[in-house]
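Side chains included, hydrogens not; waters and symmetry mates left out as well; all remaining heavy atoms used. Keep in mind it's a predicted model, so treat the numbers as computed, not measured.
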Amino acid sequence: MKRILKPVTYLLAAIYFLVDAIFAAIATPISHWLARHLEFRQLRAWIRSLRPYPSLALFSVPVILLEPIKPVAAYLAATGQMLSAVVTVVVGELLKLVLVERLFSLTRNKLMMIPKFAWAYARFTEAKVWLQATEAWRAIRALRCAAYDLFARVRAGLAGGFSRLATFRD
């Protein structure tokens, strides 16, 4: 049984890590940019003033509103509009991720006052810790770090090449 589950664990860890890395790499800067550039002090104050259950209701709004994006993208893909389908699902998921992340950061303390939410969040955290402790996760993480290092070296080499080209041209 262990031999069967090991490749499945590697595959699931790789998929989770890849999707998480891609969306987090895009969503986190967007979320931070929004926090820095859009002054929603009154909205933030109102969100923070909410009691736990209204915070939970507000927290679920982006999921409820943006979840139908997936069937729309599936329809677009089924009708041969692949680029539209990919753009729809990527934009929808990024928007949902950014909104949920921002709302969670504003309402986390209130949400943790709800016993079932706190219990579910603790289980989610435990599952994430377990996944990150697996050999598969560590292997995929090492590959990711190696890929980032390679990308940084290539980018630095290209930047150096362009600066030498600009100097040579002058």
Side-chain angles (χ1 to χ4, degrees), residues 9-48 50 52-112 114 117-118 120-132 134 136-152 154-155 158-159:
T9 305
Y10 271 89
L11 180 63
L12 290 175
I15 291 169
Y16 176 84
F17 207 10
L18 179 64
V19 170
D20 184 58
I22 290 169
F23 278 100
I26 297 168
T28 302
I30 292 170
S31 181
H32 292 310
W33 184 88
L34 285 172
R36 282 192 317 270
H37 291 87
L38 298 178
E39 290 297 323
F40 291 121
R41 287 187 185 137
Q42 290 178 327
L43 181 61
R44 265 186 281 193
W46 175 76
I47 291 170
R48 286 188 177 126
L50 292 173
Y53 286 98
S55 293
L56 179 62
L58 181 64
F59 182 70
S60 63
V61 167
V63 176
I64 292 167
L65 291 178
L66 294 171
E67 199 58 34
I69 292 291
K70 291 175 187 169
V72 170
Y75 171 78
L76 290 170
T79 58
Q81 302 174 49
M82 293 306 292
L83 182 60
S84 296
V86 169
V87 168
T88 300
V89 80
V90 167
V91 168
E93 288 299 309
L94 280 174
L95 187 58
K96 183 169 63 172
L97 228 146
V98 166
L99 290 173
V100 166
E101 188 273 331
R102 294 300 310 152
L103 285 172
F104 186 72
S105 70
L106 292 171
T107 61
R108 184 178 192 280
N109 294 338
K110 300 281 178 81
L111 292 172
M112 292 305 154
I114 302 170
F117 188 92
Y121 186 74
R123 299 300 80 74
F124 168 77
T125 303
E126 289 171 6
K128 192 173 174 183
V129 166
W130 173 83
L131 182 61
Q132 291 172 345
T134 63
W137 185 272
R138 289 191 303 269
I140 298 301
R141 186 175 173 102
L143 287 173
R144 177 182 151 231
C145 290
Y148 278 154
D149 290 344
L150 176 64
F151 179 72
V154 168
R155 190 172 69 189
L158 288 174

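- Taking L65 as the reference, V61 meet the side chain to side chain contact (heavy atoms under 4.5 Å, CB included) condition, with sequence neighbours excluded.
- Considering CG of L99 and CG of L94, their distance stands at 10.5 Å, rounded to 0.5 Å.
- The ring-ring contact (aromatic ring centres under 6.0 Å, His included) pairs that include a residue from residues 61-99 number zero, where partners must be two or more places apart or lie in different chains.
- Of all the heavy atoms in S55 and L50, the pair that sits closest is OG-CB, 3.5 Å.
- Taking CZ of R48 as the reference point, atom CG of N109 lies at 10.0 Å (rounded to 0.5 Å).
- Here CG of L76 is found 10.5 Å from CG of L83. Values are rounded to the nearest 0.5 Å.
- The side chain to side chain contact (heavy atoms under 4.5 Å, CB included) search around V91 returns V87, not counting sequence neighbours.
- When all heavy atoms of P62 and V100 are compared, the pair lying nearest together is CB-CG2, 4.1 Å.
- Residue pairs meeting the salt bridge (charged side-chain N to carboxylate O under 4.0 Å, His left out) criterion with at least one member in residues 95-104, sequence neighbours excluded: E67-K96, E93-K96.
- The side chain to side chain donor-acceptor pair (under 3.5 Å) check on K110 picks up nothing, with sequence neighbours excluded.
- For Y121, the ring-ring contact (aromatic ring centres under 6.0 Å, His included) partners at least two apart in sequence or on another chain are F104.
- Every side chain to side chain donor-acceptor pair (under 3.5 Å) that Q81 has, sequence neighbours left out, goes to T79.
- Heavy atoms of other residues, nucleotides or ligands lying less than 6.0 angstrom from CE of M112 number more than 12.
- Residues satisfying the side chain to side chain contact (heavy atoms under 4.5 Å, CB included) test with I47, not counting sequence neighbours, are L43, L58, L103, L106, T107.
- From R123, atom CZ reaches atom CH2 of W130 across 15.5 Å, with rounding to the nearest 0.5 Å.
- Listed by chain and number, the residues in a side chain to side chain contact (heavy atoms under 4.5 Å, CB included) with I64 are S60 (sequence neighbours excluded).
- In this structure, P52 and L111 approach most closely via the heavy-atom pair O-CD2, 4.3 Å.
- Contact detail for A73 and A85: the closest heavy-atom pair is O-CB, 3.2 Å.
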